[in-house]
Amino acid sequence: MKPSFYNRPVLEVAPELIGCVVTHGETSGAIVEAEAYHESEPASHGFIGLRPRTEVLFGPPGRAYVYRSYGVHALLNAVCEPDGVGAGVLIRALQPLTGVGLMRRRRGLQRERDLCSGPGKLTQALGIELDDNGVDLLRGPIVISSRPPAWRDIEVVADRRIGITRAVELPWRFTAAGSRFVSRPFRLIAV
DNA sequence: CATGGGATTGACT
DNA sequence: GTCAATCCCATGC
């Protein structure tokens, strides 16, 4: 992935991230579900403005914004748009590719479909923690790379975002059409 | 300093 | 379907 990839409107980046591969150590998976968030809408953490918590989200594009959700889970975002703009893509589900045995051990589960089918599940499976907040997604230790050949021409569909209470009507959730590795089924709105 | 609210998950009815 | 776990941090006094 080139640095300029993330320095664009988050609504352009999010659907293009579907099919790209997230790697951390020996574990990796293809992104099958992601959501866009932008400071201009109230569901985004950036909506409150620049705070200690949102410092990375407002920083330069191409970094990982990792935060604790419900006091329990670490959630992974890819920071987008120019330095100073609070925007990012929440990675919500992966199709496991490598290190599946390690994922099973970390998750304490066997079914491949249950390993990364949710934003808190995939960070646990890949061993991503809160102190990964701010790491460079081009240099690592968390890396996002372009679509493998088999994923080059996949169909991407849009739907409403999940688990939020504000701006629920925006169709800013993107999934790989027909994937069985998403966190929840989709309804089909656009491409 | 006290309070309240989550971009969730898994266990249980 | 319901519900608790658990912790950062924003907000308000």
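Residue numbering restarts at 1 for every chain, and letters A, B, ... go by the order of the sequence lines.
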Pairing of DNA chain B as dot-bracket, 5' to 3': ( ) intra-strand, [ ] crossing, | other strand, . unpaired, with Watson-Crick or G-U pairs under 3.5 Å? ||||||.|||||.

For A:R106 and A:Q124, which I'm curious about, is there any donor-acceptor pair between the side chains at under 3.5 Å? no

Taking ring pair (Phe, Tyr, Trp, His ring centres under 6.0 Å) as the definition, give me every residue that meets it alongside A:Y67, ordered by chain and number, with sequence neighbours left out. A:H45, A:Y65

One character per nucleotide, please: for nucleotides 8-13 of chain C, 5' to 3', B when the base has a protein heavy atom closer than 4.0 Å, S when only the sugar-phosphate does, - otherwise. SSSS--

Heavy-atom closest pair, residues A:G49 and A:T54: O-OG1, 2.9 Å

Nearest non-hydrogen partners of A:A36 and A:L11, listed with the distance: CB-CD2, 3.9 Å

Please check if any side-chain donor atom of A:S183 sits under 3.5 Å from a side-chain acceptor atom of A:E33, or the reverse. yes

Walk along DNA chain B from 5' to 3' and tell me the first and last nucleotide with an atom closer than 4.0 Å to a non-hydrogen atom of chain A. B:dG6 to B:dG10

For A:S117, what residues pass the side chain to side chain donor-acceptor pair (under 3.5 Å) criterion, not counting sequence neighbours? A:K121

So, for A:L115 and A:R107, which heavy atoms are closest and what is the spacing to 0.1 Å? O-NE, 3.1 Å

List the atom pairs, with distances to 0.1 Å, where a side-chain N or O of residues 130-137 of chain A and a protein N or O form a donor-acceptor pair under 3.5 Å, not counting sequence neighbours.
from   : atom 1 : to     : atom 2 : distance (Å)
A:D132 : OD2    : A:E129 : N      : 2.8
A:N133 : OD1    : A:V66  : N      : 2.9
A:D136 : OD1    : A:L138 : N      : 2.8

Can you sort out which residues in residues 106-123 of chain A have a heavy atom within less than 4.0 Å of DNA chain B? Ascending by number, please. A:R107, A:G118, A:P119, A:G120, A:K121

Applying salt bridge (Lys or Arg N to Asp or Glu O under 4.0 Å), run through A:R92 and A:E35 and close with a yes or a no. CA-CA 7 Å; A:R92 285 194 55 93; A:E35 289 177 351; 3.7 Å; yes

Is the positively charged end of A:R51 above the ring of A:F58, judged by distance under 6.0 angstrom from the centroid and angle within 45° of the axis? no

Go through it in stages, so that I can follow the logic: the residues are A:E41 and A:R161, the test is salt bridge (Lys or Arg N to Asp or Glu O under 4.0 Å), and I'd like the CA-CA distance, side-chain angles, deciding distance and then a yes or no. CA-CA 13 Å; A:E41 45 89 16; A:R161 296 177 293 183; 3.0 Å; yes

Which heavy atom of A:V79 sits nearest a heavy atom of A:V56, and at what distance? CG2-O, 3.6 Å

Enumerate all atom pairs, one protein N or O and one N or O from nucleotides 3-6 of chain C, separated by less than 3.5 Å.
from  : atom 1 : to    : atom 2 : distance (Å)
C:dT6 : O2     : A:Y70 : O      : 2.3

Residues in residues 75-95 of chain A with a heavy atom under 4.0 Å of DNA chain B, by number, are A:L75, A:N77, A:L90, A:R92

A:L76 CG to A:I91 CD1 distance, which is reported to the nearest 0.5 Å: 5.5 Å

For the CD atom on A:E12, are there more than 12 heavy atoms of other groups (residues, nucleotides or ligands in this structure) within a distance under 6.0 Å? yes

Which residues pass the side chain to side chain donor-acceptor pair (under 3.5 Å) test with A:R139, not counting sequence neighbours? none

Show every salt bridge (charged side-chain N to carboxylate O under 4.0 Å, His left out) that has at least one partner inside residues 60-69 of chain A, sequence neighbours left out. none

Got a list of side-chain donor-acceptor pairs under 3.5 Å for residues 16-26 of chain A, not counting sequence neighbours?
from  : atom 1 : to     : atom 2 : distance (Å)
A:E16 : OE1    : A:R8   : NH2    : 3.0
A:E16 : OE2    : A:R8   : NH1    : 3.2
A:H24 : ND1    : A:L126 : O      : 2.6

